Structures are given as structure tokens and as C-alpha cells.
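Working notes, beginning with the structure itself.
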Amino acid sequence: MDSERKEPNHKEKNFYSALSHEIRRKMLKIIGEQGYSSFTNFKKILGASTGTIYHHLEVLKDLIFQEKNKKYYLTTLGGHAYKFLDQNIDSIESTKITEKDIKSPFLRGILSFTPKKMFLGNPTENILTIVISISIMITGAIFAGLSGLNTCILFFQDFVEFPLLLDSFSKFILGLIFVLNYLIFYFLIELFSWLFYKKSENSFKIFLNFGLVYFPILIYLIIHNILLNLDLNYLTILDNSLLIFFQVWSLWLVTYNLSVNKYIKIERALIISLVIHYGAFIALFLISL
Amino acid sequence: MSTSLLSKAKEVNYFSYIGIIGGIFVILSEFLSWFSDNNLILIFFLSPFDPDAFVYFFPLMSGIICLFGSILYTFRQDLKINSIIIQLIGLGFNTIFILDFIVNQIAFILTIQLGFYFFVVGFSLIFIEIIVKLTWKEEIPVNQIEVKNNTQIEE
């Protein structure tokens with residue numbers, strides 16, 4: 001009691017000290033996953049010496065207790081520690097991509113075209129991110145209207161056979177559809193992050209930098225417009241291939257944005273992006289029918 | 001060389017072969033008849049004045065790209081994200097093909113033949129492989145975790 005008064009953060013210190021060693025974290029995981037563990041079980045699984053295990057058990061005395069049956073169980077604090085380890089692994093590993101993945105020229109190339117600083121930084125402090133984001137949305141809407149393209153998240157379809165003959169009102173509506181899709185895409189991402197992984201943090205930050213996700217799509221719309229104006233219809237193959245390339249780039253940006261701002265593992269962020277992307281594809285397919 | 005590649009492939013979970021089968025199915029669909037008795041390659045050569053005719057090659061291109069992505073993952077599981085992005089590009093060709101071609105041919109849905117079925121099954125298998133790859137929990141069982149310096153007591 002006296003010592004606790006001298007050191008008020010005694011429990012906190014023990015808590016973090018317990019988590020600071022790999023073997024101790026594993027001991028907590030073993031009990032957390034199996035409910036309890038015997039000394040022999042620790043020894044067998046960890047392959048450590050008797051002295052080492054006794055030492056770590058001593059350090060873990062606030063988190064683990066031994067029953068009369070000689071088995072070790074988690075205390076309430078130990079339970080919290082296990083929960084802490086289990087829940088935070090996603091946040092810690094949210095941007096973890098294997099070293100070999102990054103070393104490959106393919107992903108390194110994609111990463112070099114990812115505005116990492118803009119996704120990671122706080123947009124309210126960096127007004128440039130907001131300006132770029134809004135500019136992308138407005139320019140995208142203009143080019144979608146000029147190209148006569150009907151937007152469905154990241155997919156596009158010709159609104160009429162001859163888009164250059166479209167009247168101003170139709171172009172305005174198509175631009176509006178682009179902006180609506182932009183907003184729907186954002187809300188779907190928020191919805192699925194919450195539904196799948198109960199993640200709702202940094203929603204406003206993602207909203208402010210969401211325009212960056214549409215940057216590749218904006219490039220596609222500009223190129224498409226140029227091909228359309230030059231009447232290069234025979235370049236359909238180029239147009240389609242570019243759309244695929246820029247769609248994948250956009251999907252990557254969504255995934256990266258989700259991963260770093262919602263603290264979701266890159267694989268899980270990819271699942272959300274894919275569900276929305278192919279959901280949009282199915283929707284467009286059904287509409288086309 | 002081939003032995004070491006085969007031994008590496010054996011370490012892979014069987015689900016990774018789903019994508020390979022899917023890729024092969026999509027490639028095969030190119031050489032089978034879809035809505036008429038002609039296969040897609042023949043349709044391409046029969047429509048020389050159609051600027052969109054190159055779209056008929058999309059299943060073949062998609063199948064090859066997806067197959068490459070699946071094989072890459074089979075031998076190099078550490079390149080999972082790479083292989084998924086490659087497969088996404090492959091599936092992108094399929095989605096464009098569906099929106100550009102199948103939608104226009106939907107009136108002939110009652111006459112569909114083997115090629116169409118191969119394409120749908122292949123597409124689905126590739127998509128399933130991607131989702132399984134992403135959701136597969138690669139947790140190392142606690143009893144297989146390698147403990148470094150287990151004799152050294154650190155504080």
C-alpha cells in the first residue's frame with residue numbers, strides 16, 4: 001500500500017512492462033486463447049528454459065495468477081492486456097506490406113504514385129489537400145459532362161451514342177451524377193468500414209482528402225475527352241485499357257487511404273474497396289439490361 | 001529448378017489453385033462458342049470494320065493476366081498484394097467485356113453455349129480466390145512461433 005502511494009502508476013508500469021517482451025506477450029496470448037496454461041505447456045510451446053519462464057511469470061504477477069490446480073489464469077488486468085494485444089494488432093499492422101512486396105518494382109511504382117503525405121497529414125492544417133480535392137471533384141464533373149459519360153462509382157458508360165451532340169442541360173446532369181457518385185462512394189466506404197470492422201475514426205479527414213482518390217479517374221476523363229474530340233474511335237482498345245489501369249490505381253488509393261486513416265490492415269481495406277467496386281459493376285450491369 | 005518450384009508450390013493452400021483453374025477457364029472460353037456457333041476469335045476476324053472488335057480478345061487477355069497473378073501467388077506467397085493487383089487488372093478487362101459485349105447480346109441469352117458458362121465460372125473462381133486470399137487469416141499458431149533469444153532474460 002505504502003509502495004503504491006509512492007508510485008501511483010505502479011499498475012500502469014507493470015502493465016506496459018509486461019507487454020514489452022515478446023515471450024510475455026506470447027504467454028498472455030497462450031492463456032487468452034486457451035483459457036489457462038500449465039507451466040509444462042508454456043515450456044513446450046515457447047521452448048524456453050525453466051528459469052526464463054519463472055522470470056517472466058514473476059514479471060507478469062499482476063496479470064497472471066496461479067490456481068490451486070497449478071494452472072495459470074489471467075487476472076482482470078491480464079484480461080485487459082490480452083484484449084489490448086488482440087485488438088490493436090490491426091492498427092499496428094494497418095500499413096504493413098511485406099518487404100518483398102514493396103521491393104517488387106510493380107508495387108514500388110504504385111506506391112511512388114500515392115500521395116502518402118496528403119493521406120497521412122491533417123487536411124484541416126494543410127489547406128492544399130482540400131483545394132486539390134475539391135478541384136478534382138469539380139474538374140471531374142466537368143469532364144464527365146463534356147464526355148457524355150454516365151458515372152457509376154469508378155465505372156463509366158456512354159449516356160448517348162454521340163456525346164458531342166449533347167445539350168448543356170444533359171451535360172450538367174451528367175456532371176451532377178459524377179459528384180453524387182463521389183459522395184455515394186465516400187458514404188459506402190464509411191458504411192462498410194463500420195459494418196465490417198466497426199471502424200468510424202477519421203471520417204471527416206477521409207472526406208476532405210477523398211478527391212485524391214478520384215485523381216486517376218480525372219486523368220482518364222481528360223484523355224477520353226481528347227480521344228473523343230479527335231474522333232479517334234478506333235482507339236477503343238486504348239480507351240478501355242486506360243480505364244482499367246486508372247480504375248485499379250483509384251482502388252489502390254482508396255485502399256491506402258482506408259488503411260492509414262481507419263487503421264485497417266491493407267488486405268481488409270482491399271476487401272471493402274473490392275466489394276464496393278464490384279457492387280457498382282453489378283449495379284451498372286443490371287441498369288444496362 | 002523445376003523441382004524447387006514444385007516443392008514451393010506444394011506448400012501452398014489448395015485454394016490458390018482456384019484462381020489458376022479460373023484463369024484457364026476464362027482463356028478456354030475465348031476458343032468456345034458463346035451466343036452463336038462461332039468462337040470469339042472467329043467473330044473478331046469476321047468483323048474487320050468494327051472499331052470495337054478488339055474487345056473480343058478481352059477474355060483471353062484477362063485470363064492470361066489472372067493466370068499470371070495466380071501462379072505468382074502460388075510460388076511467391078509473400079507477393080500477395082502484387083498478385084491481387086495483377087488479378088484486379090485482369091478482372092478489369094472482364095468487367096469491360098461484360099458491359100460492352102454481353103449487355104448487347106443479352107437478347108440471345110436463351111442460346112448461350114459452353115463459352116459463356118466457362119467465362120462466368122472462370123470469372124467467379126478468380127473473384128473467389130481474391131476474396132479468400134484477402135480473408136485468409138495467416139496467423140501463425142502460437143506453438144509455431146519462433147522465440148528469439150529464449151535463453152536470454154531481457155528487462
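As the structure is a computational prediction, the values presented were derived from the model and not from experiment. Here is the naming used below: chain letters follow the sequence lines, and residue numbers restart at 1 for every chain.
- Inspection of the Tyr220(A) and Asp239(A) side chains reveals an N or O donor paired with an N or O acceptor under 3.5 Å.
- Checked against Phe44(B) for a ring-ring contact (aromatic ring centres under 6.0 Å, His included), the options Phe58(B), Tyr56(B), Phe101(B), Phe57(B) give a single hit: Phe57(B).
- Residues Ile65(B) and Ile86(B) form a side-chain contact, since some pair of their non-hydrogen atoms from C-beta on lies under 4.5 Å apart.
- Ranked by heavy-atom pairs under 4.5 Å with chain B, the list Phe245(A), Tyr278(A), Phe285(A) is led by Tyr278(A).
- With a 4.5 Å cut-off on non-hydrogen atoms, Ile84(B) touches chain A through its side chain but not through its backbone.
- In terms of heavy-atom pairs under 4.5 angstrom with chain A, the leader among Ile131(B), Ile130(B), Leu91(B), Val55(B) is Leu91(B).
- With a 4.5 angstrom heavy-atom cutoff, Leu88(B) touches chain A via backbone and side-chain atoms both.
- Relative orientation of the Phe39(A) and Tyr72(A) rings is tilted, given thresholds of 30° and 60° on the angle between their planes.
- Side-chain atoms of Phe196(A) and Arg268(A), non-hydrogen and from C-beta on, never get closer than 4.5 Å to each other.
- Looking at Leu243(A), the atoms closer than 4.5 Å to chain B (heavy atoms on both sides) all sit in the side chain, from C-beta outward.
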